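Just so it is clear: chains get the letters A, B, ... in the order the sequence lines come, proteins before strands, and each one is counted from 1. On a predicted model such as this, the values are computed, not experimentally measured, just so you know.
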Number of protein chains: 2
Amino acid sequence: MQATPQISQNKKADSCADCPIQHRAVCAYCEKTELLMLEAMKSYKTYNAGETIIMAGDEMEFVGSVVTGVASLSQTMEDGRRQMVGLLLPSDFVGRPGREYAAFDVEATTSVTLCKFARRPFEKMLEQTPRLRERMLEMALDELDAAREWMLLLGRKTAREKISSLLMIIAKRQNTLVQIEQASNLKFELSLTREAMADYLGLTLETVSRQINALKKDGVISLEKKRHVVVKDVNRLLNETGDDADGGYFT
Amino acid sequence: MQATPQISQNKKADSCADCPIQHRAVCAYCEKTELLMLEAMKSYKTYNAGETIIMAGDEMEFVGSVVTGVASLSQTMEDGRRQMVGLLLPSDFVGRPGREYAAFDVEATTSVTLCKFARRPFEKMLEQTPRLRERMLEMALDELDAAREWMLLLGRKTAREKISSLLMIIAKRQNTLVQIEQASNLKFELSLTREAMADYLGLTLETVSRQINALKKDGVISLEKKRHVVVKDVNRLLNETGDDADGGYFT
DNA sequence: AGTAATAATTGATCCAGATCAAGTCGCCCT
DNA sequence: AGGGCGACTTGATCTGGATCAATTATTACT
């Protein structure tokens with residue numbers, strides 16, 4: 001039963017073009033008074049690729065969301081083993097309201113612009129604003145779903161399935177449903193190093209490299225540059241992920 | 001730096017003894033009117049060990065929470081590979097408000113009693129009740145933290161570390177902080193089969209069996225019955241998990 | 001252009017955990 | 001008591017991905 005690739009939650013769809021705050025948490029929350037409060041509170045900051053934004057244990061002075069670029073949330077064991085536990089793309093939220101000290105490392109994978117709010121005022125506003133809290137709940141639940149898919153990937157998928165899944169995940173988040181359905185030739189920028197991919201997938205960078213080249217040799221993808229992927233047949237790639245054909249949620 | 005084992009979030013602490021609704025989502029929410037509404041809505045149901053409570057794809061008629069027993073949330077691939085993605089102990093919530101069809105399988109691991117609310121009315125109540133929404137957000141964020149710890153386990157820990165971590169997780173959730181600190185001889189019921197443990201940890205049941213017996217042979221634990229564990233020295237076990245000594249969150 | 005630094009590939013070997021295959025234990029049932 | 005079934009253990013072997021070790025692109029900097 002081979003269905004058309006479906007995109008479950010395209011977060012882009014949630015943003016409203018006329019809202020000056022370009023991120024999901026507060027974007028749909030376009031009511032005048034609070035919007036102005038948020039406007040007054042926010043500030044932008046840009047980090048360079050590779051820069052550490054927050055280290056586990058740091059005091060959390062702010063929360064915010066990714067406006068442009070890619071950041072990662074990860075955990076490191078004493079002996080250096082690393083596991084990425086969150087991939088933060090534009091519209092994703094950073095920080096946990098009510099949390100004093102960071103539990104995970106946040107790093108800029110590419111150059112990243114963050115829209116920041118001082119944590120305390122944001123928390124106060126969260127208390128006063130049911131609509132915003134509702135939005136945060138929705139986001140947390142979406143992330144939880146994503147984390148659970150990710151757990152299946154980490155626990156049970158083969159290296160090849162892991163790589164294919166990652167490619168699909170990134171393709172989905174960077175392109176709209178329409179683009180993917182039409183795409184006999186889907187291209188996208190894979191803005192992660194082999195090492196970052198390995199940390200995402202629970203593999204070594206050597207295995208990542210080998211599997212990407214295997215997919216290439218088998219004609220599933222081709223590479224224009226090391227980090228620019230061309231998918232010839234999306235369904236072919238989807239088959240390699242090990243997921244159900246119609247994958248994704250039922251909402 | 002060997003610290004005393006810390007327990008980050010003991011969910012038991014959140015329940016209020018005089019609240020007739022014995023679960024976390026609504027428990028702290030003891031305001032008369034809505035409490036009565038919830039009272040009127042709720043119904044209990046008990047499932048036998050091994051019974052399927054919900055299958056992925058089913059229509060979700062209810063949400064609710066675990067009152068007694070242990071249930072699991074899991075995902076299955078077409079070829080039968082299974083990964084547990086949630087372990088549901090008393091006070092844990094089942095179902096996602098707003099979700100029409102189940103995304104995961106829910107199964108009773110032991111005999112389980114669920115306190116159920118019809119989904120629609122619960123959702124309506126959630127809309128009207130900011131305090132309940134706040135509670136749900138907090139729970140979702142806790143689960144997300146747990147999922148991220150779990151991802152580190154799945155992606156980077158060795159089989160022995162995985163088993164040790166699981167034992168610590170269960171010990172923590174079944175005992176209070178005080179009990180654990182004092183415990184030179186911590187006992188607990190491990191209410192999972194070897195297979196369920198394997199599904200939790202991304203291992204095979206044979207490996208689970210071998211590692212448990214290795215921990216026993218090395219004197220880290222002993223077994224009174226196959227599923228009744230005695231931990232002689234909690235710090236010794238904690239060392240085997242690969243986690244930081246003071247592990248857990250900073251709130 | 002040349003050189004250093006970083007990212008990626010590729011090969012050879014190894015080993016933790018999977019797989020396959022018998023057992024054994026404990027428990028319910030008549 | 002015995003038999004049957006599910007849960008668990010234990011052993012032998014295999015293998016996917018890790019590890020170790022060079023190269024070979026890329027990119028960034030003078």
Side-chain angles (χ1 to χ4, degrees), chain A residues 48-51 70 77 79-83 107-111 153-166 189-217 221-229 240 242, chain B residues 48-51 70 77 79-83 107-111 153-166 189-217 221-229 240 242:
Chain A
N48 294 323
E51 200 173 337
V70 181
M77 294 170 71
D79 62 4
R81 282 176 283 173
R82 272 174 77 79
Q83 177 62 53
E107 274 161 47
T109 298
T110 64
S111 167
L153 177 149
L154 290 171
R156 296 301 189 192
K157 288 189 178 178
T158 65
R160 176 185 262 243
E161 288 169 341
K162 285 178 173 182
I163 293 285
S164 304
S165 300
L166 176 57
E189 198 57 37
L190 183 53
S191 32
L192 302 176
T193 64
R194 299 291 185 254
E195 191 178 25
M197 289 188 254
D199 286 344
Y200 186 110
L201 300 170
L203 297 171
T204 58
L205 64 91
E206 293 95 328
T207 299
V208 169
S209 176
R210 278 187 250 269
Q211 293 297 337
I212 286 181
N213 290 359
L215 285 176
K216 189 170 112 187
K217 189 149 63 65
I221 58 169
S222 63
L223 298 178
E224 291 199 341
K225 293 167 61 201
K226 293 295 177 192
R227 304 214 200 140
H228 192 104
V229 180
E240 298 280 356
Chain B
N48 294 323
E51 200 173 336
V70 182
M77 295 170 70
D79 62 3
R81 281 176 283 174
R82 273 174 77 79
Q83 177 63 52
E107 274 162 46
T109 298
T110 63
S111 167
L153 177 148
L154 290 171
R156 297 301 188 191
K157 288 188 177 177
T158 64
R160 176 184 262 243
E161 287 169 342
K162 285 178 174 183
I163 294 285
S164 305
S165 300
L166 175 57
E189 198 56 37
L190 183 53
S191 34
L192 302 177
T193 63
R194 301 289 185 254
E195 191 179 24
M197 290 188 252
D199 287 343
Y200 186 110
L201 300 170
L203 298 171
T204 59
L205 63 92
E206 292 94 328
T207 300
V208 169
S209 176
R210 278 186 249 268
Q211 293 297 336
I212 286 181
N213 290 359
L215 285 176
K216 188 171 114 188
K217 189 152 59 67
I221 59 169
S222 62
L223 298 178
E224 292 200 337
K225 293 168 61 200
K226 293 294 178 193
R227 305 215 201 139
H228 193 105
V229 180
E240 298 278 358

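Between B/Arg210 atom CZ and C/dC20 atom P there is a gap of 13 Å when expressed in whole angstrom units. Distance CD1 (A/Ile163) to C1' (C/dA8): 13 Å, rounded to an integer number of Å. Note: NZ (A/Lys162) to C1' (D/dG16) measures 11 Å, nearest angstrom. Across the protein-nucleic acid pair, A/Leu203 atom CG and C/dA8 atom P stand 15 Å apart, rounded to whole Å. If you measure from atom CZ of B/Arg81 to atom P of C/dT19, you get 9 Å, rounded to the nearest angstrom. The CZ-P distance, from B/Arg156 to C/dA16, rounds to 17 Å in whole Å. The distance from atom CG of B/Asp79 to atom P of C/dA18 is 15 Å, rounded to the nearest whole Å. B/Leu205 places its CG atom 10 Å from the P atom of C/dA18, with the value rounded to the nearest Å.
Side-chain atoms of A/Ser209 never come within 3.5 Å of backbone atoms of A/Leu205 as a donor-acceptor pair (strictly under, hydrogens ignored). Between the side chain of B/Ser165 and the backbone N or O of B/Glu161, at least one donor-acceptor pair lies under 3.5 Å. The backbone N or O of A/Leu190 lies less than 3.5 Å from no partner atom in the side chain of A/Arg227, so there is not a single donor-acceptor pair. Without hydrogens or angle criteria, B/Gln83 side chain to B/Asp199 main chain gives a donor-acceptor distance under 3.5 Å. Side chain of B/Lys216 to main chain of B/Ser222: no donor-acceptor pair is present (N/O by atom type, distance under 3.5 Å, no hydrogens or angles). The closest donor-acceptor contact from the side chain of A/Thr110 to the backbone of A/Val70 lies under 3.5 Å.
Put simply, B/Lys226 has a side-chain N or O that comes within less than 4.0 Å of OP1 or OP2 on D/dT9. The phosphate of C/dG17 (OP1 or OP2) has no side-chain N or O of B/Arg160 nearer than 4.0 angstrom. Remark: B/Thr207 is in phosphate contact with C/dA18, judged by side-chain N or O atoms under 4.0 Å from OP1 or OP2. The phosphate of D/dC8 (OP1 or OP2) has no side-chain N or O of B/Ser209 nearer than 4.0 angstrom.
Salt bridge annotation for A/Glu107-A/Arg82: present, with a cationic side-chain nitrogen under 4.0 angstrom from a carboxylate oxygen.
For B/Arg227, whose side chain is taken as the heavy atoms from C-beta onward, the closest listed nucleotide among D/dT19, C/dC27, D/dC8 is D/dC8.
Positionally, the nearest nucleotide of DNA chain D for B/Asn213 lies more toward the 5' end than for the other of B/Asn213 and A/Thr204.
Applying a 4.0 Å cut-off to non-hydrogen atoms, the residues of residues 189-202 of chain B that approach DNA chain D are B/Thr193, B/Arg194, listed by residue number.
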